[in-house]
Structures are given as C-alpha cells and as structure tokens.
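I have a structure here, written as structure tokens, and I will follow up with some questions on it.
Chain naming here is simple, since letters A, B, ... match the order of the sequence lines and numbering starts at 1 in each.
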Protein chains: 2
Amino acid sequence: MSLPHALLGLLAVEPASGYALTKAFDESLGRYAWYAGHTSIYPELGRLAERGLVEVTAEGPRGSRTYAVTDAGRDELRSWLLTRPSEAGKVRNESVLRMFLLSALDPADARTVLTGIAADARAGADELRTIRADHPGPLTGRNGFGQLAAEFGLRQYEAVHEWATWALDQLGAQTPDDRTDAADPAHTF
Amino acid sequence: MSLPHALLGLLAVEPASGYALTKAFDESLGRYAWYAGHTSIYPELGRLAERGLVEVTAEGPRGSRTYAVTDAGRDELRSWLLTRPSEAGKVRNESVLRMFLLSALDPADARTVLTGIAADARAGADELRTIRADHPGPLTGRNGFGQLAAEFGLRQYEAVHEWATWALDQLGAQTPDDRTDAADPAHTF
DNA sequence: TTCTGACATGTCACATTTGACATGTCAGAA
DNA sequence: TTCTGACATGTCAAATGTGACATGTCAGAA
C-alpha cells in the first residue's frame, strides 16, 4: 500500500491540508502515478498523525487543518525511496488494459479503437506541451510534482502514440484522422 | 472494476484455465496493464460463469477446468472496448509514484534514485528488444498480448529512460560523489 | 440579499483485494 | 522409491478502497 508514502511525499515538499492534497492527487500525482480520493486521504492522514509521521501545524478557515511531515516521517519517506524494491510493484491502469485487450478484437474493431487511442495520445501530448511552455520552473520543491508529471506524461503520451501507430501499421491500416494535421509543426512527433 | 473484462479479453483470444490466466497476469498483462493474483481470478471466473459470460468447456488433469468466453461474454467485451470512457481511469503504479516523489528528496538523493531508474529502464528496454528479436509473430490471436505488451513495454522503458535523463540534466551536472556541500536534507526546500 | 460554487472535512455500508493457509496431482530426477 | 517442483484450485479473515450521503463555511456575483 503506497498511499501513506504518497502523502508523505507531497507533505515533504510543502505542508498542506487534506483538501489541497486531494487536488494534488486529482491533478498531477493521480493522473500517472497513484490515484486516491478524499475518502481515503482524510483517514490516512489521521493514521499517519497517530504514527507520528505527520502533524497538524495550523488550523485555518472552514475547519481546514494544515499537515506537515515530521522528522520521523521524512526518515520513513527517504528510506522507502532509497530502498529499491525487489519485485516490480503491482500495476493497475485501465487505459493500458484496454490497449492490450485489442488483440481480442477483430482487426476492424481494433483499428477503430487504436485510431481513438492515437488521437487521444496526440491531444494529451499537445496539452502538456502547452502547459510546459506556460509554466517553467524548478524540478524540486512545490513545482516539482507538476514538472515531473508534465514531462513524464508528455513522454508517456508520445510513447502511446508511437505504439498505436505501430499497431495500426501491423494491422495494415491507414489512420485517416491522424494524417489530416500531419503538416502542422506543433503536431509533429 | 476491470478484472472481469481483463479475464474476458484473455479468454476471448484463447480458452484457458485459471492457472494459465494467472500466469498471463504475471507475465504480460500484469506487468503494464492490470495485475491480479489467483485469489481474485478464481472467484471472478465463478462469477463470470454465473453471469453466463464464460463457460467451462473442458476438464483436464489435476482438476483443471478450461474456461471459454460465450457469445454473451464476447458482446460484453466488445461493447466495453468500443465505448470510450468519459473520464480517464484511476491509475495505480508504484514505480511511477516513486519517480514523482523524487521532488521531495534533496538533489543528491534524487540523483541516486534517478540513476537507478535510468539503469533499470535501459536494462528493461534491452531485455524487451532481445525478446522481440527472438519472438516475431502476429498482432492478434494467442501471440497478441505478448506482442502488444513487448512493444508497449519497450516504448515505455525508453520513455522512462529519456525522462530520467532529462531529470538528471535538470538537477545539474553535479554527481552525488562530487557533492561536498552537506546541506541538511530536511531543510533543502 | 440571495445564490452559486469553491473550500473543507467527514462517516458508513458495501465491494474488492490481499496474504495466509489449505489441499492435492503429476512428471521427472536422484 | 522418494523427493522436488510445477501444476491446479480453493477458502477466509483482515485490510483497503469506493460511492453515496452528510454538513458546514466563505467569497464574490447577480
């Protein structure tokens, strides 16, 4: 279970409320790495506080509580990150599952789905390129997650696009949607 | 919950026993898309059989039962795959989580971990290139998952390697060994 | 002033997953 | 023959996660 370490990691960068953490999961972290809803986050913060890994450092308006990681929490996070796990962690990713299950469809259906995947990947990559251009910043600290996520996500989308293109090629198909804007430099992979 | 569809997808390609499905999850599917252990798979096969989406078509030695997808199951799978979900599915990937949490470490530690990630990614890519060279095959049918997984995984590893290289570059040219300024890790940000 | 939407935290029943435990078969090697 | 390891399936308690429901604050717009 990685949720406590995800929370520790976010709080190690900057103290935050449960609400702010929930937004971080929705935006950067949860999109590529580890999703969690507020109904898991709030109870887990309580458990981390009981274990002395985080503490409430401030209370604000609307009952908000700001949590910060303690020294013990920082030690726990650091040792978790520096210990390389022997086995690869379990993966759950519905999008990727859908991609793999294509081999169970007949080629016509597979082509339809692959075309959609390629288009989505291109759109996702374009979006992240825009975000990257608008938000430069340092790799560590409060911008770190966003930067790492954007750069990782961009390469991820590009890889998916290349993969989908390869798969379509294997199926002996053209990708009509995908070729219409091929001349636009902003859309060139 | 995607497990039933994952099973349907595997069985749509080729009838298999619970044991064989478990191995498929351990090998191709579970490495990149969706992990499940035998303790989820066997009960889920029972539920799918109750719903008439799969059926037992043969019984073999050691009590093994071969399941095959029914017409109803094939319909269910096809409509699931052809319906594009409005929201991106929830992602759980401990490896990626570890990458993102790097921004909570001081640069020296981050560099150590990133170097390991880059090395792992390179090794993974090399391994898959070897596998690909040794096992050519068609995209659909019983080899489909393996082919899709290998090609996807290869691009994934390459993307991770590029990303880790980019991140190391962002952290500066300094190597961990070169580092002489002993800043307190807890107060780096 | 009233309303809307973001802020902010929580509980609880239900579903799902995990890890430990359990059982037994069969082929091939020592 | 005995032993080992892969084959093959299962249960069950405990841990976790999900979605629905619940409550209330505060700022700014209409």
Side-chain angles (χ1 to χ4, degrees), chain A residues 1-8 10-11 15-27 29-30 33-51 54-68 85-94 97, chain B residues 1-8 10-11 15-27 29-30 33-51 54-68 85-94 97:
Chain A
M1 222 265 293
S2 306
L3 177 58
H5 293 107
L7 290 170
L8 245 25
L10 287 168
L11 293 177
S17 67
Y19 187 81
L21 292 167
T22 302
K23 280 207 305 183
F25 274 94
D26 281 343
E27 288 157 16
L29 245 207
W34 201 271
Y35 171 80
H38 81 278
T39 57
S40 332
I41 291 169
Y42 287 114
E44 188 60 47
L45 284 171
R47 268 171 251 138
L48 288 169
E50 270 176 37
R51 292 167 60 194
V54 302
E55 61 189 352
V56 175
T57 54
E59 307 205 2
R62 277 165 283 199
S64 80
R65 264 158 296 152
T66 300
Y67 288 88
S86 52
E87 52 169 345
K90 318 303 186 189
V91 169
R92 293 268 157 92
N93 188 323
E94 190 181 306
L97 175 62
Chain B
M1 224 264 295
S2 307
L3 177 57
H5 293 107
L7 290 170
L8 244 26
L10 288 169
L11 292 177
S17 66
Y19 188 81
L21 292 167
T22 302
K23 281 207 304 181
F25 275 94
D26 282 341
E27 287 156 18
L29 244 208
W34 201 271
Y35 172 80
H38 81 277
T39 56
S40 331
I41 292 168
Y42 287 116
E44 188 61 47
L45 284 171
R47 268 171 252 139
L48 288 169
E50 269 176 38
R51 293 167 59 196
V54 303
E55 62 189 352
V56 175
T57 54
E59 307 206 4
R62 277 165 286 200
S64 81
R65 264 159 295 151
T66 300
Y67 287 88
S86 52
E87 52 169 343
K90 317 302 184 188
V91 169
R92 293 268 157 91
N93 188 325
E94 189 181 306
L97 175 62

(request) Kindly write out the residues that satisfy side chain to side chain contact (heavy atoms under 4.5 Å, CB included) with A/Ala33, not counting sequence neighbours, or none if the list is empty. (result)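 Listed in chain order: A/Leu29, B/Val96, B/Leu97, B/Phe100.
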(request) Between A/Met1 and B/Arg65, just flag the one whose closest nucleotide in DNA chain D comes earlier from the 5' side. (result) B/Arg65
(request) Measure the distance from CD on B/Glu94 to P on C/dT17 and round it to the nearest whole Å. (result)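 For the pair B/Glu94 CD and C/dT17 P, the rounded distance is 18 Å.
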(message) If you compare all heavy atoms of B/Phe25 against all heavy atoms of B/Ala6, which two are closest, and at what distance to 0.1 Å?
(response) CZ-CB, 3.8 Å
Every protein N/O within reach of nucleotides 18-20 of chain D N/O, cut-off under 3.5 Å:
from, atom 1, to, atom 2, distance (Å)
D/dT18, OP2, B/Arg92, NH2, 3.2

(request) Quick one: list whatever passes salt bridge (Lys or Arg N to Asp or Glu O under 4.0 Å) with B/Lys23, sequence neighbours left out. (result)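 Listed in chain order: nothing, the list is empty.
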(request) Check the distance between D/dA15's C1' and A/Arg47's CZ and give it to me in whole angstrom. (result) 9 Å
(request) Please report the closest heavy-atom contact between A/Ala16 and A/Leu11, naming both atoms and the distance. (result)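 In terms of heavy atoms, the two residues are closest at N-CD2, 3.5 Å.
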(message) Once you apply a heavy-atom cut-off of 4.0 Å, does B/Ser17 come out as touching a base, just sugar-phosphate, or nothing?
(response) sugar-phosphate
Under 3.5 Å, which N/O atoms of the protein pair with N/O atoms of nucleotides 27-29 of chain D?
none

(message) Nearest 0.5 Å, please: how far is CG in A/Leu3 from CG in A/Leu8?
(response)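 Interatomic distance, A/Leu8 CG to A/Leu3 CG, rounded to 0.5 Å: 10.0 Å.
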(message) Expressed as a whole number of angstroms, how long is the span from B/Trp34:CH2 to C/dT18:C1'?
(response) 15 Å
(request) Examine D/dG10: is either OP1 or OP2 under 4.0 Å from a nitrogen or oxygen in the side chain of B/Tyr42? Give yes or no. (result)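 So the side-chain polar atoms of B/Tyr42 never come under 4.0 Å of the phosphate oxygens OP1 or OP2 of D/dG10.
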(request) Take atom CD1 of A/Ile41 and atom P of C/dT11, then tell me their distance rounded to the nearest Å. (result)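 Taking CD1 of A/Ile41 and P of C/dT11, I get 15 Å after rounding.
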(request) Return the set of residues passing side chain to side chain donor-acceptor pair (under 3.5 Å) with A/Ser17 (not counting sequence neighbours), or none when no residue passes. (result) none
(request) Could you list the residues that satisfy side chain to side chain contact (heavy atoms under 4.5 Å, CB included) with A/Ala58, not counting sequence neighbours? (result) A/Thr66
(request) Let me know which of B/Leu7, B/Val56, B/Leu10 forms a side-chain contact (heavy atoms from CB on, under 4.5 Å) with B/Tyr67. (result) B/Val56
(request) With sequence neighbours left out, write down each residue that passes side chain to side chain contact (heavy atoms under 4.5 Å, CB included) with B/Ser64, or none if nothing qualifies. (result) B/Pro61
(request) Let me know the distance between CD of B/Glu44 and P of C/dA15, rounded to the nearest Å. (result) 13 Å
(message) Between P on C/dG24 and OH on B/Tyr19, what's the gap in Å once rounded to a whole number?
(response) 19 Å
Can you give me every donor-acceptor pair (side chain of residues 37-48 of chain B, partner residue at least two apart or in another chain, under 3.5 Å) with its distance?
from, atom 1, to, atom 2, distance (Å)
B/Tyr42, OH, B/Tyr19, N, 3.2
B/Glu44, OE1, B/Arg47, NH1, 2.4

(request) Tell me the stems DNA chain C sits in, counting at least three consecutive Watson-Crick or G-U wobble pairs, each under 3.5 Å on both distances. (result)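 Only these stems qualify: C:1-30 with D:1-30.
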(request) Determine the minimum heavy-atom distance between B/Arg92 and A/Tyr35, stating which atoms define it. (result)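 Taking B/Arg92 first and A/Tyr35 second, the nearest heavy atoms are NH2-O, 2.7 Å.
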(request) Return the value, rounded to whole Å, for the distance between atom CG of B/Asp26 and atom P of D/dC7. (result) 11 Å
(request) Starting at atom CG of B/Leu45, determine the distance to atom P of D/dT11, rounded to an integer number of angstrom. (result) 12 Å
